[in-house]
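Below is one structure; the comments refer to it alone.
Along the sequence shown, residues carry numbers from 1. These numbers were taken from a predicted model, which means no experiment stands behind them. Just so you know, ligand 1 is whichever comes first in the structure, and atom 1 is the first atom listed for that ligand.
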Amino acid sequence: MALIVQKYGGSSLADAGRIKAVAARIVRTRRRGNRVVAVVSAMGDTTDDLVKLARQVTPAPGQRELDMLLTAGERISMSLLAMAIADLGGEAISYTGSQVGIITDARHNRARILEIRAERLKQALDQGKIAIVAGFQGVSLSREVTTLGRGGSDTTAVALAVALEADACEVYSDVAGVYSADPRLVPGARKLPSLSFEEMLELASSGAQVLHPRAAGLAARHRMPVRCLSSFNNDPGTHIGKARRMERVVVRGITHDKSLAMLALSGVPRGGRTATQVVAKLAEREIAIKSFFHGAPGGKRVDLFFVISEADLEPAREVMGRCLGRLKGGRLSVNRRIGSVSLVGSGVGGEAGIIARMLEALAGLRIHVEGLTSSEIKVTCFMDRGATEKAVMKLHKTFIG
Ligand code: ASP
Ligand code: MG
């Protein structure tokens, strides 16, 4: 008997009708002889609505209470889904993250899973029950309820699949899989039947929204195959697993991200370890740097450029302002209109010709590239975020057709 972990996102559970449809799919999977664990998100926009509600009560909701509030969203969908399954004659039981032993660190709103004590879940499965688990939540060692951060139920699903040594992990949303570009933007975007773990990780972390980057990372690390599919049809979706192509280099997808910001510290004294200090201070605030460039306009001064997520802009500005205060001279400027466009595919970053064609295509659109980074699997250009969409369309035409 195979063990399948299925995850259903908010749009798959948006109303009573959708919940019944998902219940039917789960019961079908069970009746085919599989053991099933279903991880659920909150219904529709419930999580956003709860955040808004909290902000109406106070401009700065406390993190612990916010976790208490947000975990309620998944509790609603898990219990309704268990009821809908019972109504179809299936036997289901719902659990919060804490009840199934999802142990996290103590960081509210962005907890990381430390371990999963899955005995209770295994028992339910041994009794032939369908287990429904609230996604995106856990409990700390000091018994505080935590959440994994927005979009965290994908991570719950992959983590459970790993802990239970599941045979498959299926992530259901309202799109039929991973596409070569955002299909809302590029009408000719193609659905990709399969991707390697590494390709998926790069696609997810550079803007593809089908699978959360943390879940993609977890799947890659544990070699847990994942299938991304739609709960609205029976399309086979995209299978993510071990790489199958040998050394042929192919651009698989083009992603874009419009939520970046660039901070420039210009004219700071050379050799003052400013960059090292700034990076250390940013790390204290848990601000990740997407990219860093060093410009030397000449003389005794240098320019430092940092690309970060726009969500981190205010604390980063504060950190850099303070660093600047300690220096003799220098200026801080902020560009909050930064976006990026990436080509993803195993080997693309090692092909000089691909990078040259990318820059040529962008130059043809008169797009000014602010910076470029590449790895084995990805080439990313930073640019004004207003230009990212036409860049994606052009690059899709150039590399994928
Ligand atoms: N409901 C949570 C959110 O909207 C978790 C999830 O959907 O994965 O962020
Ligand atoms: Mg959600």
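- Atoms of ligand 1 lying under 4.0 Å from at least one heavy atom of Phe136, given by number and element, are 2 (C), 5 (C).
- Contact check on Lys281 versus Glu318 returns no salt bridge, with no Lys/Arg side-chain nitrogen under 4.0 Å from an Asp/Glu carboxylate oxygen.
- Those atoms of ligand 1 with a heavy atom of Thr47 less than 4.0 angstrom away are 1 (N), 2 (C), 3 (C), 4 (O).
- Of all the atoms in ligand 1, the ones that sit under 4.0 Å from a non-hydrogen atom of Ser41 are 6 (C), 7 (O), 8 (O).
- The contact set between ligand 1 and Glu74, taken as ligand atoms under 4.0 Å from a residue heavy atom, comprises 1 (N), 2 (C), 5 (C).
- Of the residues Asp303, Val302, Val278, the one that meets the side chain to side chain contact (heavy atoms under 4.5 Å, CB included) test with Leu265 is Val278.
- Heavy atoms from other residues, nucleotides or ligands lying under 6.0 Å from CZ of Arg331 number 12 at most.
- Using a 4.0 Å heavy-atom cutoff, Gly152 is listed among the residues neighbouring ligand 1.
- Judged by a 6.0 Å distance limit and a 45° cone about the ring axis, Arg18 is positioned over the six-membered ring of Phe232.
- The distance criterion of under 3.5 Å between nitrogen or oxygen atoms is not met by Lys7 with respect to ligand 1.
- A salt bridge between Arg64 and Glu144 is present, with a side-chain N of the basic residue lying under 4.0 Å from a carboxylate O of the acidic one.
- Considering backbone and side-chain N/O atoms, Arg150 comes within less than 3.5 Å of an N/O atom of ligand 1.
- Counting heavy-atom neighbours within 6.0 Å of Gln209 CD, excluding the residue itself, gives a total of 12 or less.
- Residue contact check: Ser153 has heavy atoms under 4.0 Å from atoms 5 (C), 6 (C), 7 (O), 8 (O) of ligand 1.
- Judged by the shortest distance from any of its heavy atoms, Gly151 lies inside the 4.0 Å radius around the atoms of ligand 1.
- Atom CZ of Arg223 has more than 12 heavy atoms from other residues, nucleotides or ligands within 6.0 Å.
- Residue contact check for ligand 1: His212 places no non-hydrogen atom closer than 4.0 Å to it.
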